[in-house]
Amino acid sequence: MSQIELPKAYNPADFEDRLYQFWQDNDLFAPRGDGEPFVVAIPPPNVTGVLHMGHGLNNSLQDALIRYWRMKGRPTLWVPGTDHAGIATQQVVENQLRKEGKSRHDLGRSAFVDRTWKVKEEHHRIISQQLRKIGASLDWKRERFTMDEGLNRAVRQVFVTLYERGLIYKGRYLVNWDPEAQTAISDDEVEYKEVQGTLYHIRYPFADGSGFVELATTRPETLLGDVAVAVHPTDQRYSGLIGKLLKLPIADREVPLLADPFVDKDFGTGAVKITPAHDPDDFEMGRRHNLQQINILNPDGTLGPNVPARYFGLTAKVAREKIVAELTELGLFVDAVPHKHQVGHAQRSGSIVEPYLSEQWFVRMKPLAEKAMHALKTDQIRFYPKRYESTYTTWMEGIRDWCISRQLWWGHQIPVWTCDSCGHLHVEMEAPTTCEHCSASKLTQDEDVLDTWFSSWLWPFSTLGWPEKTLDFEKFYPTTAVVTAYDIIFFWVARMVMAGMEFTGKAPFRDIYMTPLVRDAKGRKMSKSLGNGIDPLEVVEEFGADALKFTMVYLSSQGQDINLDKDGFKLGSKFANKVWNASRYLLMNIPEQGVLPPDQLTKNGADLWIESRLNAAIRAVDSAMLAYRYNDMGHTVYEFFWNDFCDWYIESTKLELYSEQPSRRRQAASKLVHLLEESLRLMHPFLSFITEEIYQKLPGHALSLVIAPYPVAHPDRDHPEAEAAFGALQNLVAGIRRVRSEFAIDPARDIEVVVSVEKNFVHASFLRENRDLLAQFSGSERLRFSEGEQKPAGAVTIVNRGSESWVLVRDVVDLPKELIKLAKSIERSKDYISSVERKLSNQAFVNSAPAEVVDGERNKLVEAQGTLTRLEAYQHELSELA
RNA sequence: GGACGAGUAGCUCAGUUGGUUAGAGCGCCGCCUUUACACGGCGGAUGUCCGGGGUUCGAAUCCCUGCUCGUUCACCA
């Protein structure tokens with residue numbers, strides 16, 4: 001029969017690239033057809049680097065989703081794109097320059113930006129290549145970049161609109177300052193880490209020489225910016241002293257002692273120094289008391305203006321030591337005690353964040369957050385898993401204004417122009433040529449750029465053409481789902497909902513699936529510094545893209561992080577290998593007279609059983625998809641294909657496949673081909689390349705699996721009775737196999753088995769009809785059914801529900817061993833029976849449990865008692881022998 | 001300090017509304033190179049479902065409590 005050959009070894013590298021090219025050449029990733037679209041905008045990777053395993057996971061999961069819905073027939077679109085990643089990308093270029101001994105200022109803004117574009121191009125090329133390698137079915141014609149012309153327009157439009165709505169303002173505030181990147185960053189870009197610091201106790205003398213106030217601080221160097229000392233108004237220790245002046249050492253200023261209820265009486269000495277320009281709390285307190293703000297830092301974090309000359313240019317660390325030394329000399333230093341506290345670090349550069357006074361642009365977030373909360377309350381968005389709702393809500397409730405200006409060159413320059421003559425502000429889409437106020441023609445654009453997230457938060461609609469009313473926007477917005485890691489809820493997900501609600505009046509997507517995080521085998525976060533990351537491309541090279549995707553799907557449960565080393569991908573690779581080999585086997589048995597159409601197939605018990613199992617698998621995948629339960633999808637197809645289809649169904653057909661009669665061979669082979677074809681469609685979202693490669697070899701195949709219909713569960717293929725009957729057959733076979741294994745009977749040796757079935761056992765006739773199958777599976781050509789005969793002496797007895805089987809292995813029976821095992825089985829059986837009996841004799845159970853549960857227990861009891869009877873008879877017989 | 005999550009087989013973890021004699025993958029043990037697959041087949045062993053209470057006819061599953069880990073948010077100098 002052998003007609004079609006597949007290479008003996010599964011080698012994904014042989015066909016993956018070719019197939020991806022084929023898919024692209026035929027434009028199969030473009031949305032097609034009518035109906036409700038299914039749309040996902042890719043979380044745009046940063047053009048700073050290359051893809052890491054987080055992308056591997058995330059894009060594998062999206063691809064499975066996209067391919068499934070595409071096969072389901074919905075117009076399906078997955079929009080590709082990348083993010084310019086302001087600080088990160090600028091840093092890459094600055095690091096390059098540093099190696100060349102230059103700074104960005106040596107190049108100048110425009111040359112620097114040009115150079116950054118080149119870095120962008122290079123990384124972009126790699127990233128898009130990588131996404132193709134892992135098989136991501138993105139519609140590349142629609143690819144976008146956060147700084148392409150269309151998105152620039154969207155960004156400007158949003159800035160101008162927010163400004164006009166009074167939601168953007170400029171102001172001089174204390175912001176988080178990254179002294180390394182020398183830019184402001186938002187609150188969300190600050191990561192607090194616990195650091196072992198020191199609490200310094202120091203004294204400030206009263207100006208009139210009447211003693212001193214002792215206070216505690218972790219940052220003595222900020223003394224140079226102090227403008228007051230505060231205590232709690234009801235603090236007895238300081239009553240009567242409020243309002244007196246203190247002489248600030250070193251800085252030689254006089255500062256007042258104030259009362260403010262914010263101060264905690266129980267911390268330190270109950271007195272706190274106030275540095276409004278360098279501490280958020282002090283900033284607030286300074287405003288309440290109308291205090292001066294004295295900035296003492298340069299943009300690079302060294303001490304700068306407003307400090308004594310000997311402190312100029314010192315780093316905070318050095319200045320701190322110097323201050324402590326000077327205070328000691330002055331006799332004002334009391335003590336230094338170890339103190340753990342939280343210190344903010346910049347997410348990107350890792351440097352310690354300085355609260356820093358500067359003029360920045362902010363977005364007023366409360367009104368936006370309210371709309372975004374409304375979207376959740378009205379079920380316009382749904383989180384999977386649901387518990388992330390509270391993360392979202394909590395953040396929205398505590399929202400603070402968003403500092404959006406960055407002192408960088410790489411990014412969207414702020415669309416604000418100031419008139420050189422009169423200082424009038426113009427917030428416009430395009431550069432104005434004359435001042436609307438004084439008609440002067442010289443205007444200067446704000447030098448700063450916008451936070452990267454100010455373009456990312458528009459992603460679901462800006463990529464579809466907004467603010468233009470494009471066909472894509474009309475048809476594909478709002479999108480359906482966003483798939484991303486949970487650590488990005490604040491930065492991206494929440495803000496996208498805000499932007500969607502504010503600018504389009506709609507939530508930008510309905511479903512929010514939070515992926516797990518990939519960690520290393522020890523559960524640590526993968527990071528460059530630890531060197532424990534896994535390169536998804538290496539996984540593709542070693543195991544194939546299908547192995548990558550299948551493993552990721554199989555291991556992604558609801559919200560549980562995945563611990564994995566590279567060997568973990570063997571899971572997917574072994575499964576793909578299994579699919580390969582089973583398919584190879586079936587392909588070499590394609591009937592030479594051609595595959596029979598489904599309506600000419602005659603179905604036996606095993607056929608009905610596998611059909612029913614397939615139906616169940618399809619339903620399980622369908623419901624798992626709706627709930628984003630990836631691991632369920634993976635387990636379902638794995639178990640269906642491997643356990644049901646390969647281990648039982650294919651094995652069951654061998655009898656037919658090797659039959660003397662060509663018609664029987666053709667029947668069996670045809671059924672197998674149809675089932676294989678349907679299985680390939682079932683598995684295509686999870687094993688895209690291998691299923692396509694095999695599908696392309698099937699007789700009568702269509703253009704591609706990518707656009708083939710996903711299998712549908714047909715009620716007329718449900719056969720619960722066939723499933724139960726086949727289950728009984730499987731149990732019987734397992735029993736015989738166990739005996740074979742336990743008695744170490746050579747698999748090649750034919751044994752004699754006699755099966756005695758209870759007359760009224762529901763599956764009695766099924767078992768009899770499938771004698772040949774039982775014989776085949778149990779390796780017993782001579783297997784027969786007893787016709788009222790007695791059990792032959794010395795046979796091993798296998799007790800099943802509704803039957804017992806006698807295996808004639810007189811010579812090899814190890815009586816003592818067999819008796820021990822039997823005793824164990826009997827004990828277990830008795831325990832079980834008594835537990836069921838207890839249940840059934842409990843009136844409360846019988847009365848309150850549902851009838852079907854009670855009936856189920858009754859049936860179990862009857863069966864178990866039958867089983868026990870047979871076990872005991874066997875035991876009796878064995879003891880006679882012994 | 002708050003919130004959330006986790007604690008189930010040697011390891012990594014499933015276990016959806018309470019009702020299975022508690023499962024998977026890997027690992028381990030035994031047999032088998034049976035004409036698709038040794039990345040295989042067949043069989044096997046291993047669990048006070050973290051501890052303690054409670055609700056219920058019935059709890060790995062619900063409630064309370066304790067312990068241990070993790071994540072995240074938080075202005076305490």
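Owing to the predicted nature of the structure, the values given are computational and were not obtained by experimental measurement. Numbered from 1 within each chain, the chains take letters A, B, ... in sequence-line order.
Looking at heavy atoms from C-beta onward, R219(A) lies in side-chain contact with R320(A) at the 4.5 angstrom threshold. Looking only at side-chain heavy atoms (C-beta outward), I650(A) and L586(A) come within less than 4.5 Å of each other. In this structure the side chain of W395(A) never reaches within 4.5 angstrom of the side chain of I489(A), judged on heavy atoms. Counting only heavy atoms from C-beta outward, the side chains of Q347(A) and F491(A) approach each other to under 4.5 Å. With a 4.5 Å cut-off on side-chain heavy atoms, H339(A) and T198(A) do not count as touching. You'll find the side chain of Y638(A) stays beyond 4.5 Å of the side chain of K578(A), heavy atoms only. Looking at heavy atoms from C-beta onward, Y649(A) lies out of side-chain contact with D644(A) at the 4.5 angstrom threshold. Looking at heavy atoms from C-beta onward, L587(A) lies in side-chain contact with I590(A) at the 4.5 angstrom threshold.
Distance noted for atom P between C26(B) and A22(B): 23 Å (whole Å). Taking atom C1' on both C64(B) and U21(B), the two are 30 Å apart, rounded to the nearest angstrom. Rounded to the nearest Å, the gap between the P atom of G30(B) and that of G70(B) is 39 Å. Nucleotides G10(B) and C49(B), compared at atom P, are 12 Å apart to the nearest Å. Taking the C1' atoms as reference points, C29(B) lies 22 Å from U34(B), given to the whole Å. Rounded to whole Å, the separation between the C1' atoms of U46(B) and A38(B) comes to 25 Å. Annotation: U48(B) and G5(B) have their P atoms spaced 26 Å apart (nearest Å). Atom C1' of G51(B) sits at a distance of 22 Å from the matching atom of C4(B), rounded to the whole Å.
When the nucleotides G5(B), U71(B), A36(B) are ranked by their closest atom to the side chain of R387(A), G5(B) comes out on top. Ranking C73(B), C76(B), A74(B) by closeness to the D281(A) side chain, first place goes to C76(B). Set against C42(B), A77(B), C76(B), the side chain of D647(A) has C42(B) as its closest nucleotide.
The separation between E852(A) atom CD and G19(B) atom P is 13 Å, rounded to whole Å. Between the CZ atom of R524(A) and the P atom of C69(B) there is a distance of 18 Å, rounded to whole Å. If you measure from atom CG of L223(A) to atom P of A77(B), you get 18 Å, rounded to the nearest angstrom. Rounded to whole angstrom, the span from the CD1 atom of I489(A) across to the C1' atom of G5(B) amounts to 13 Å.
Pair check for G43(B) finds C29(B); Watson-Crick or G-U wobble, both atom distances under 3.5 Å. Pair assignment for U12(B): A24(B), on the basis of Watson-Crick or G-U wobble contacts that are both within less than 3.5 Å. Applying the Watson-Crick and G-U wobble criteria (two distances, each under 3.5 Å), C76(B) pairs with nothing in any strand. Pairing for G70(B) is with C4(B), a Watson-Crick or G-U wobble pair whose two hydrogen-bonding atom distances lie under 3.5 Å.
As judged by a 4.0 angstrom heavy-atom cut-off over every strand, S573(A) is placed among the base-contacting residues. Residue contacts for S390(A): at a heavy-atom cut-off of 4.0 Å it reaches no nucleic acid atom on any strand shown. Nucleic acid contact class of K265(A) (heavy atoms, under 4.0 Å, all strands): none. If you check every strand for non-hydrogen atoms under 4.0 Å, H339(A) touches sugar and phosphate atoms only. Counting any heavy atom pair closer than 4.0 Å across all strands shown, D264(A) reaches a base atom. Within the 4.0 angstrom heavy-atom criterion, only backbone atoms of the sugar-phosphate kind lie near F490(A); the bases stay farther away. Among the atoms of the strands shown, base atoms are found under 4.0 Å from some heavy atom of Q342(A). Using a 4.0 Å heavy-atom distance criterion, K8(A) is classed as a sugar-phosphate-only contact. At a threshold of 4.0 angstrom between heavy atoms, the contacts of R400(A) are confined to the sugar-phosphate backbone, with no base atom among them. When heavy atoms are screened at a 4.0 angstrom cut-off, A849(A) is found touching base atoms of the nucleic acid. Across all strands shown, V263(A) has heavy atoms under 4.0 Å from base atoms, whether or not it also approaches the sugar-phosphate. Within 4.0 Å (heavy atoms only), E651(A) reaches at least one base atom of the nucleic acid.
D520(A) contributes no side-chain N or O that, together with a main-chain N or O of N532(A), makes up a donor-acceptor pair within less than 3.5 Å.
To the nearest 0.5 Å, the span separating CG on D14(A) from CZ on F689(A) amounts to 13.0 Å.
Nearest-nucleotide positions on RNA chain B for C646(A) and F575(A) put C646(A) closer to the 5' end. Along RNA chain B, the nucleotide nearest V190(A) and the nucleotide nearest L555(A) are compared for position; the residue whose nucleotide lies closer to the 5' end is L555(A).
The phosphate of A36(B) (OP1 or OP2) has a side-chain N or O of Y658(A) nearer than 4.0 angstrom. Checking the phosphate oxygens (OP1, OP2) of C57(B), no side-chain nitrogen or oxygen of N847(A) falls inside 4.0 Å. Of the side-chain N and O atoms in W642(A), one or more sit less than 4.0 angstrom from OP1 or OP2 of G41(B). Within the structure, every side-chain polar atom (N or O) of R738(A) is placed at least 4.0 Å from both OP1 and OP2 of G43(B).
Cation-pi geometry between K654(A) and Y585(A) is met: under 6.0 angstrom from the ring centre, within 45 degrees of the axis.
In E852(A), the CD atom is not crowded: 12 or fewer heavy atoms of neighbouring residues, nucleotides or ligands sit closer than 6.0 Å.
A salt bridge between R287(A) and E284(A) is absent, with no side-chain N of the basic residue lying under 4.0 Å from a carboxylate O of the acidic one.
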Checklist outcome for this item: Going 5' to 3' through nucleotides 21-28 of chain B and flagging B where a protein heavy-atom sits under 4.0 Å of the base, S where only the sugar-phosphate is that close, and - otherwise, we get B--SSS--
Tabulate atom names and distances for all N/O pairs under 3.5 angstrom spanning the protein and nucleotides 15-18 of chain B.
{"from": "G15(B)", "atom 1": "OP1", "to": "R629(A)", "atom 2": "NH2", "distance (Å)": "3.1"}

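If you check distances only, the side chain of K570(A) never reaches the base of C39(B) with a donor-acceptor pair under 3.5 Å.
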